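Report on the following structure.
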Protein chains: 2
Amino acid sequence: MNTTDILKSHDIKKTPGRIAIVKALQESELPLSENEIKIQMEEMYDRITFYRNMQVLASAGIVHKIVIDNTIIKYGLSCCGQEHRHQNEHAHFYCEKCHSVVCLKEVRIPDYQLPSGYKLFDSDIIIKGACEKCSH
Amino acid sequence: MNTTDILKSHDIKKTPGRIAIVKALQESELPLSENEIKIQMEEMYDRITFYRNMQVLASAGIVHKIVIDNTIIKYGLSCCGQEHRHQNEHAHFYCEKCHSVVCLKEVRIPDYQLPSGYKLFDSDIIIKGACEKCSH
DNA sequence: ATTGCAAGTGAAACAATGTTGCAAATATAG
DNA sequence: CTATATTTGCAACATTGTTTCACTTGCAAT
(Lines give C-alpha, C1' and ligand atoms only; values in the text may rest on other atoms or scores of the structure.)
Protein backbone atom coordinates (compact mmCIF):
# COMPACT_ATOMS: atom_id res chain seq x y z
CA MET A 1 0.00 0.00 0.00
CA ASN A 2 1.33 3.46 -0.81
CA THR A 3 1.68 6.23 1.70
CA THR A 4 -1.38 8.16 0.58
CA ASP A 5 -3.65 5.13 0.70
CA ILE A 6 -2.45 4.17 4.17
CA LEU A 7 -3.54 7.56 5.47
CA LYS A 8 -6.76 7.66 3.46
CA SER A 9 -7.83 4.20 4.62
CA HIS A 10 -7.65 5.40 8.21
CA ASP A 11 -9.51 8.65 7.57
CA ILE A 12 -6.45 10.67 8.41
CA LYS A 13 -5.87 13.88 6.52
CA LYS A 14 -3.00 13.74 4.09
CA THR A 15 -0.61 16.45 5.19
CA PRO A 16 3.02 16.89 4.13
CA GLY A 17 4.33 16.13 7.64
CA ARG A 18 2.42 12.88 7.91
CA ILE A 19 3.39 11.73 4.45
CA ALA A 20 7.05 12.45 5.22
CA ILE A 21 6.95 10.46 8.46
CA VAL A 22 5.30 7.43 6.88
CA LYS A 23 7.61 7.58 3.85
CA ALA A 24 10.69 7.69 6.07
CA LEU A 25 9.49 4.60 7.95
CA GLN A 26 8.51 2.78 4.76
CA GLU A 27 11.94 3.35 3.27
CA SER A 28 13.67 2.00 6.35
CA GLU A 29 14.12 -1.66 7.22
CA LEU A 30 14.28 -0.80 10.90
CA PRO A 31 12.29 1.34 13.31
CA LEU A 32 13.61 4.90 13.47
CA SER A 33 14.18 7.41 16.22
CA GLU A 34 12.71 10.90 16.12
CA ASN A 35 16.08 12.25 15.11
CA GLU A 36 16.48 9.77 12.27
CA ILE A 37 13.05 10.73 10.95
CA LYS A 38 13.85 14.41 11.44
CA ILE A 39 16.93 14.08 9.22
CA GLN A 40 14.80 12.60 6.43
CA MET A 41 12.19 15.33 6.82
CA GLU A 42 14.79 18.07 6.51
CA GLU A 43 13.41 21.60 6.89
CA MET A 44 9.85 20.30 6.99
CA TYR A 45 10.38 18.92 10.50
CA ASP A 46 8.68 20.63 13.42
CA ARG A 47 8.90 19.05 16.86
CA ILE A 48 5.39 19.77 18.06
CA THR A 49 3.79 18.68 14.80
CA PHE A 50 5.94 15.56 14.83
CA TYR A 51 4.69 14.52 18.27
CA ARG A 52 1.09 15.28 17.39
CA ASN A 53 1.28 13.35 14.15
CA MET A 54 2.94 10.42 15.88
CA GLN A 55 0.02 10.29 18.29
CA VAL A 56 -2.42 10.28 15.39
CA LEU A 57 -0.49 7.62 13.48
CA ALA A 58 -0.07 5.47 16.58
CA SER A 59 -3.76 5.61 17.58
CA ALA A 60 -4.62 4.60 14.04
CA GLY A 61 -2.28 1.63 14.34
CA ILE A 62 -0.13 2.80 11.44
CA VAL A 63 2.99 3.13 13.56
CA HIS A 64 3.95 1.80 16.97
CA LYS A 65 6.17 3.47 19.52
CA ILE A 66 8.95 1.33 20.94
CA VAL A 67 10.29 2.52 24.28
CA ILE A 68 13.60 0.78 24.91
CA ASP A 69 14.21 2.77 28.01
CA ASN A 70 13.00 6.24 28.73
CA THR A 71 15.77 7.83 26.70
CA ILE A 72 15.79 5.52 23.67
CA ILE A 73 12.57 5.65 21.70
CA LYS A 74 11.93 4.30 18.22
CA TYR A 75 8.95 4.34 15.92
CA GLY A 76 8.15 1.38 13.72
CA LEU A 77 5.76 1.00 10.84
CA SER A 78 3.08 -1.52 11.64
CA CYS A 79 2.06 -4.02 9.00
CA CYS A 80 -0.40 -2.09 6.85
CA GLY A 81 -2.02 -0.60 9.89
CA GLN A 82 -3.25 -3.93 11.11
CA GLU A 83 -1.45 -3.67 14.39
CA HIS A 84 -3.82 -2.98 17.23
CA ARG A 85 -4.02 -4.00 20.84
CA HIS A 86 -4.46 -7.74 21.31
CA GLN A 87 -3.35 -8.32 17.76
CA ASN A 88 -0.05 -8.88 16.12
CA GLU A 89 1.90 -8.12 19.26
CA HIS A 90 5.56 -8.76 18.83
CA ALA A 91 8.73 -8.36 20.82
CA HIS A 92 11.43 -5.83 20.02
CA PHE A 93 15.14 -6.44 20.09
CA TYR A 94 17.58 -3.71 21.06
CA CYS A 95 21.24 -4.11 20.19
CA GLU A 96 23.29 -2.60 22.99
CA LYS A 97 26.28 -2.26 20.69
CA CYS A 98 24.94 -0.58 17.56
CA HIS A 99 21.73 0.70 19.22
CA SER A 100 19.52 -0.60 16.45
CA VAL A 101 16.05 -1.91 17.11
CA VAL A 102 14.46 -4.81 15.26
CA CYS A 103 10.86 -5.97 15.35
CA LEU A 104 10.98 -9.66 16.20
CA LYS A 105 7.79 -10.69 14.46
CA GLU A 106 8.80 -14.33 14.57
CA VAL A 107 9.24 -14.40 18.35
CA ARG A 108 5.85 -15.41 19.59
CA ILE A 109 4.75 -13.95 22.86
CA PRO A 110 3.68 -16.73 25.14
CA ASP A 111 0.51 -16.66 27.19
CA TYR A 112 1.30 -15.45 30.63
CA GLN A 113 -0.59 -16.80 33.55
CA LEU A 114 -1.35 -13.65 35.48
CA PRO A 115 -2.35 -13.81 39.13
CA SER A 116 -6.08 -14.33 39.52
CA GLY A 117 -8.17 -11.23 39.11
CA TYR A 118 -5.68 -9.52 36.83
CA LYS A 119 -6.81 -8.65 33.35
CA LEU A 120 -4.40 -8.38 30.46
CA PHE A 121 -4.76 -5.57 27.94
CA ASP A 122 -1.37 -5.38 26.33
CA SER A 123 2.27 -6.26 26.80
CA ASP A 124 5.60 -4.81 25.79
CA ILE A 125 8.62 -7.03 25.51
CA ILE A 126 12.06 -5.56 25.01
CA ILE A 127 14.89 -8.00 24.52
CA LYS A 128 18.36 -6.52 24.88
CA GLY A 129 21.54 -8.02 23.56
CA ALA A 130 23.79 -8.01 20.55
CA CYS A 131 22.47 -8.29 17.04
CA GLU A 132 23.84 -10.57 14.37
CA LYS A 133 26.36 -8.04 13.08
CA CYS A 134 27.59 -7.08 16.54
CA SER A 135 27.82 -10.47 18.24
CA HIS A 136 30.86 -11.79 16.38
CA MET B 1 18.48 -7.48 56.17
CA ASN B 2 18.33 -3.93 57.50
CA THR B 3 18.97 -0.85 55.41
CA THR B 4 22.48 -0.24 56.72
CA ASP B 5 23.62 -3.80 56.10
CA ILE B 6 22.27 -3.78 52.56
CA LEU B 7 24.44 -0.78 51.73
CA LYS B 8 27.46 -2.05 53.65
CA SER B 9 27.37 -5.45 51.97
CA HIS B 10 27.67 -3.76 48.60
CA ASP B 11 30.48 -1.42 49.64
CA ILE B 12 28.27 1.58 49.21
CA LYS B 13 28.74 4.47 51.57
CA LYS B 14 25.92 4.94 54.01
CA THR B 15 24.58 8.43 53.38
CA PRO B 16 21.29 9.89 54.61
CA GLY B 17 19.88 10.12 51.07
CA ARG B 18 20.62 6.49 50.26
CA ILE B 19 19.24 5.25 53.54
CA ALA B 20 16.05 7.23 52.98
CA ILE B 21 15.55 5.82 49.48
CA VAL B 22 16.07 2.22 50.55
CA LYS B 23 13.86 2.67 53.63
CA ALA B 24 11.05 4.12 51.53
CA LEU B 25 11.21 1.14 49.18
CA GLN B 26 11.45 -1.36 52.05
CA GLU B 27 8.37 0.09 53.69
CA SER B 28 6.37 -0.13 50.48
CA GLU B 29 4.77 -3.25 49.10
CA LEU B 30 4.99 -1.86 45.60
CA PRO B 31 7.63 -0.16 43.48
CA LEU B 32 7.57 3.61 43.88
CA SER B 33 7.94 6.56 41.55
CA GLU B 34 10.47 9.30 42.12
CA ASN B 35 7.71 11.53 43.42
CA GLU B 36 6.46 8.93 45.88
CA ILE B 37 9.97 8.48 47.23
CA LYS B 38 10.45 12.25 47.32
CA ILE B 39 7.39 12.63 49.55
CA GLN B 40 8.83 10.13 52.03
CA MET B 41 12.21 11.85 51.99
CA GLU B 42 10.69 15.25 52.78
CA GLU B 43 13.17 18.12 52.87
CA MET B 44 16.11 15.75 52.46
CA TYR B 45 15.21 15.16 48.82
CA ASP B 46 17.44 16.62 46.13
CA ARG B 47 16.80 15.72 42.49
CA ILE B 48 20.39 15.44 41.35
CA THR B 49 21.44 13.38 44.33
CA PHE B 50 18.38 11.19 43.90
CA TYR B 51 19.29 10.32 40.31
CA ARG B 52 22.91 9.68 41.22
CA ASN B 53 21.99 7.49 44.13
CA MET B 54 19.50 5.57 42.03
CA GLN B 55 22.26 4.82 39.55
CA VAL B 56 24.49 3.58 42.35
CA LEU B 57 21.74 1.46 43.90
CA ALA B 58 20.72 0.07 40.52
CA SER B 59 24.26 -0.89 39.47
CA ALA B 60 24.67 -2.64 42.79
CA GLY B 61 21.48 -4.59 42.12
CA ILE B 62 19.77 -3.21 45.21
CA VAL B 63 16.99 -1.56 43.24
CA HIS B 64 15.73 -1.96 39.71
CA LYS B 65 14.26 0.69 37.49
CA ILE B 66 10.96 -0.15 35.85
CA VAL B 67 10.15 1.89 32.75
CA ILE B 68 6.47 1.47 31.94
CA ASP B 69 6.64 4.00 29.20
CA ASN B 70 8.91 6.96 28.95
CA THR B 71 6.78 9.04 31.31
CA ILE B 72 5.94 6.43 33.94
CA ILE B 73 8.98 5.19 35.82
CA LYS B 74 9.06 3.21 39.04
CA TYR B 75 11.83 1.90 41.24
CA GLY B 76 11.56 -1.45 42.96
CA LEU B 77 13.62 -3.02 45.70
CA SER B 78 15.35 -6.14 44.46
CA CYS B 79 15.41 -9.19 46.68
CA CYS B 80 18.33 -8.52 48.98
CA GLY B 81 20.40 -7.23 46.12
CA GLN B 82 20.43 -10.58 44.40
CA GLU B 83 18.93 -9.23 41.25
CA HIS B 84 21.46 -9.00 38.50
CA ARG B 85 21.41 -9.48 34.78
CA HIS B 86 20.57 -13.03 33.78
CA GLN B 87 19.26 -13.73 37.25
CA ASN B 88 15.92 -13.37 38.88
CA GLU B 89 14.45 -11.56 35.93
CA HIS B 90 10.78 -11.00 36.33
CA ALA B 91 7.97 -9.28 34.51
CA HIS B 92 6.24 -6.13 35.74
CA PHE B 93 2.54 -5.47 35.68
CA TYR B 94 1.18 -1.97 35.18
CA CYS B 95 -2.43 -1.27 36.08
CA GLU B 96 -3.81 1.23 33.59
CA LYS B 97 -6.58 2.19 35.99
CA CYS B 98 -4.83 2.84 39.30
CA HIS B 99 -1.35 3.22 37.76
CA SER B 100 0.24 0.87 40.26
CA VAL B 101 3.12 -1.39 39.32
CA VAL B 102 3.61 -4.89 40.67
CA CYS B 103 6.63 -7.15 40.32
CA LEU B 104 5.31 -10.42 38.95
CA LYS B 105 7.94 -12.69 40.44
CA GLU B 106 5.79 -15.73 39.81
CA VAL B 107 5.43 -15.09 36.09
CA ARG B 108 8.33 -16.96 34.60
CA ILE B 109 9.94 -15.48 31.59
CA PRO B 110 10.07 -18.08 28.87
CA ASP B 111 13.14 -18.76 26.79
CA TYR B 112 12.88 -16.86 23.57
CA GLN B 113 14.29 -18.32 20.44
CA LEU B 114 16.13 -15.36 18.99
CA PRO B 115 17.10 -15.32 15.33
CA SER B 116 20.46 -16.98 14.77
CA GLY B 117 23.44 -14.83 15.57
CA TYR B 118 21.60 -12.75 18.13
CA LYS B 119 22.87 -12.82 21.70
CA LEU B 120 20.60 -12.22 24.66
CA PHE B 121 21.80 -10.09 27.55
CA ASP B 122 18.63 -9.05 29.26
CA SER B 123 14.92 -8.58 28.77
CA ASP B 124 12.23 -6.28 30.06
CA ILE B 125 8.64 -7.38 30.08
CA ILE B 126 5.87 -4.94 30.86
CA ILE B 127 2.37 -6.36 31.06
CA LYS B 128 -0.40 -3.77 31.01
CA GLY B 129 -3.92 -4.31 32.16
CA ALA B 130 -6.13 -4.01 35.21
CA CYS B 131 -5.06 -5.23 38.61
CA GLU B 132 -7.16 -7.31 40.95
CA LYS B 133 -8.75 -4.31 42.67
CA CYS B 134 -9.50 -2.50 39.42
CA SER B 135 -10.80 -5.33 37.26
CA HIS B 136 -14.14 -5.85 38.99
C1' DA C 1 39.15 11.15 68.93
C1' DT C 2 41.44 13.36 64.93
C1' DT C 3 42.65 13.81 60.48
C1' DG C 4 43.13 12.99 55.41
C1' DC C 5 41.06 12.27 51.39
C1' DA C 6 38.17 9.81 48.33
C1' DA C 7 33.47 9.93 47.71
C1' DG C 8 29.19 12.23 47.89
C1' DT C 9 26.33 16.47 47.77
C1' DG C 10 23.86 20.41 45.91
C1' DA C 11 23.48 24.46 42.83
C1' DA C 12 23.30 26.01 38.12
C1' DA C 13 23.03 25.02 33.56
C1' DC C 14 21.92 22.09 29.92
C1' DA C 15 19.62 18.28 27.11
C1' DA C 16 15.91 15.16 25.46
C1' DT C 17 11.19 14.05 25.33
C1' DG C 18 6.65 15.56 25.53
C1' DT C 19 2.27 18.69 26.27
C1' DT C 20 -0.94 22.82 26.05
C1' DG C 21 -2.98 27.18 24.32
C1' DC C 22 -3.73 29.99 20.63
C1' DA C 23 -3.75 32.35 16.17
C1' DA C 24 -2.83 31.45 11.37
C1' DA C 25 -2.88 28.18 7.57
C1' DT C 26 -4.76 24.30 4.98
C1' DA C 27 -7.14 19.82 3.58
C1' DT C 28 -11.16 18.26 1.91
C1' DA C 29 -16.28 17.88 1.45
C1' DG C 30 -20.01 20.03 -0.77
C1' DC D 1 -14.59 27.76 -5.06
C1' DT D 2 -15.96 28.13 -0.61
C1' DA D 3 -16.83 26.86 4.19
C1' DT D 4 -15.21 24.80 8.04
C1' DA D 5 -13.13 21.60 10.84
C1' DT D 6 -8.53 20.10 11.19
C1' DT D 7 -3.76 20.91 11.31
C1' DT D 8 0.21 23.64 11.93
C1' DG D 9 3.81 26.31 14.22
C1' DC D 10 5.18 29.32 17.91
C1' DA D 11 5.76 30.24 22.82
C1' DA D 12 5.78 28.52 27.09
C1' DC D 13 5.86 24.91 30.24
C1' DA D 14 6.54 20.02 32.40
C1' DT D 15 9.20 15.83 33.36
C1' DT D 16 13.20 13.04 33.37
C1' DG D 17 17.92 13.01 33.32
C1' DT D 18 23.13 14.58 32.97
C1' DT D 19 27.42 17.45 33.61
C1' DT D 20 30.45 20.60 35.92
C1' DC D 21 32.36 22.33 39.93
C1' DA D 22 33.01 23.95 44.53
C1' DC D 23 31.88 22.37 49.07
C1' DT D 24 30.89 18.80 52.54
C1' DT D 25 31.06 14.32 54.60
C1' DG D 26 31.83 9.20 55.49
C1' DC D 27 35.06 6.42 57.11
C1' DA D 28 39.54 4.33 57.66
C1' DA D 29 44.13 4.87 59.40
C1' DT D 30 46.55 6.78 62.83
Side-chain angles (χ1 to χ4, degrees), chain A residues 3-23 31-39 41-60 62-76 94 99 101 124 126, chain B residues 2-22 31-39 41-60 62-76 94 99 101 124 126:
Chain A
T3 314
T4 296
D5 291 342
I6 288 178
L7 295 176
K8 194 174 283 184
S9 68
H10 285 86
D11 266 318
I12 290 173
K13 281 192 182 167
K14 190 181 82 174
T15 66
R18 291 171 186 176
I19 293 166
I21 290 171
V22 175
K23 273 225 172 90
L32 300 176
S33 66
E34 176 183 351
N35 197 52
E36 288 163 338
I37 296 170
K38 170 184 175 179
I39 289 165
M41 293 177 76
E42 296 174 11
E43 74 292 328
M44 180 197 298
Y45 168 85
D46 171 80
R47 282 184 60 245
I48 292 95
T49 303
F50 176 87
Y51 287 121
R52 275 191 291 225
N53 281 336
M54 272 306 181
Q55 281 185 344
V56 169
L57 296 171
S59 332
I62 297 170
V63 303
H64 55 285
K65 183 175 172 178
I66 307 156
V67 178
I68 299 302
D69 71 33
N70 52 322
T71 61
I72 303 174
I73 291 135
K74 299 266 183 168
Y75 301 92
Y94 173 67
H99 311 291
V101 170
D124 290 335
I126 305 295
Chain B
N2 68 41
T3 314
T4 296
D5 291 342
I6 289 177
L7 295 175
K8 195 176 281 183
S9 69
H10 286 86
D11 266 319
I12 291 173
K13 281 193 182 167
K14 190 181 81 174
T15 67
R18 291 170 185 177
I19 293 166
I21 290 172
V22 175
L32 300 176
S33 66
E34 176 183 352
N35 197 51
E36 289 163 337
I37 296 170
K38 170 184 175 179
I39 289 166
M41 292 177 76
E42 296 173 13
E43 74 291 328
M44 181 197 296
Y45 168 86
D46 171 80
R47 283 185 58 244
I48 294 98
T49 303
F50 176 86
Y51 287 120
R52 275 192 291 224
N53 281 335
M54 273 306 182
Q55 281 186 342
V56 169
L57 295 171
S59 334
I62 297 170
V63 304
H64 55 284
K65 182 174 171 177
I66 307 157
V67 179
I68 299 302
D69 69 33
N70 53 322
T71 61
I72 303 174
I73 290 133
K74 299 266 184 169
Y75 301 92
Y94 173 67
H99 310 292
V101 170
D124 290 335
I126 306 296

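This structure is a prediction, so every number in the text was calculated from the model and none was measured. Sequence lines set the chain letters: A, B, ... in the order given, protein chains first and strands last, and positions in each chain run from 1.
For the pair M41(B) and A20(B), the tightest heavy-atom approach, listed with the atom from each and the gap, is CG-CB, 3.9 Å. In plain terms, the two heavy atoms of N53(A) and G17(A) that are nearest each other are ND2-C, 4.2 Å. Of all non-hydrogen atoms in G76(B) and P31(B), the two that sit nearest each other are CA-CB, 3.9 Å.
When side chains are defined from C-beta on, R47(A) counts as touching E34(A), because their heavy atoms get closer than 4.5 Å.
Within the structure, the salt bridge (charged side-chain N to carboxylate O under 4.0 Å, His left out) test picks out no pair touching residues 6-18 of chain B (sequence neighbours left out).
Partners of T49(A) by side-chain hydrogen bond (donor to acceptor under 3.5 Å, both in side chains), not counting sequence neighbours, listed by chain and number: D46(A). When the side-chain hydrogen bond (donor to acceptor under 3.5 Å, both in side chains) test is applied to Y75(B), no partner is found at least two apart in sequence or on another chain. When the side-chain contact (heavy atoms from CB on, under 4.5 Å) test is applied to I72(B), the partners found at least two apart in sequence or on another chain are I68(B), D69(B), Y94(B). The side-chain hydrogen bond (donor to acceptor under 3.5 Å, both in side chains) search around S9(A) returns none, not counting sequence neighbours. With sequence neighbours excluded, the residues forming a side-chain hydrogen bond (donor to acceptor under 3.5 Å, both in side chains) with S33(B) are E36(B), listed by chain and number. For N70(A), the side-chain contact (heavy atoms from CB on, under 4.5 Å) partners two or more places apart in sequence, or in a different chain, are K65(B), V67(B), N70(B), I73(B).
If you measure from atom OH of Y45(B) to atom C1' of dT9(C), you get 14 Å, rounded to the nearest angstrom.
Relative to the axis of its first five pairs, the axis of the last five pairs of the helix from dA1(C)-dT30(D) to dG30(C)-dC1(D) sits at 40°, rounded to 10 degrees.
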**Q.** Sequence-aligned protein contact record of nucleotides 13-25 of chain C, with B where the base is within under 4.0 Å of a protein heavy atom and S where only the sugar-phosphate is
**A.** ----BBBBB----

Nucleotide N/O to protein N/O under 3.5 Å, stretch nucleotides 26-30 of chain C:
from    : atom 1 : to     : atom 2 : distance (Å)
dT28(C) : OP1    : K14(A) : N      : 2.8

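Between chain B and DNA chain D, the heavy-atom contact criterion of under 4.0 Å yields a 5' to 3' nucleotide range of dT16(D) to dC27(D).
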Q: Start with the C-alpha distance between I66(A) and I126(A), add both sets of side-chain angles, then the distance that settles side-chain contact (heavy atoms from CB on, under 4.5 Å), and finish with yes or no.
A: CA-CA 9 Å; I66(A) 307 156; I126(A) 305 295; 4.1 Å; yes

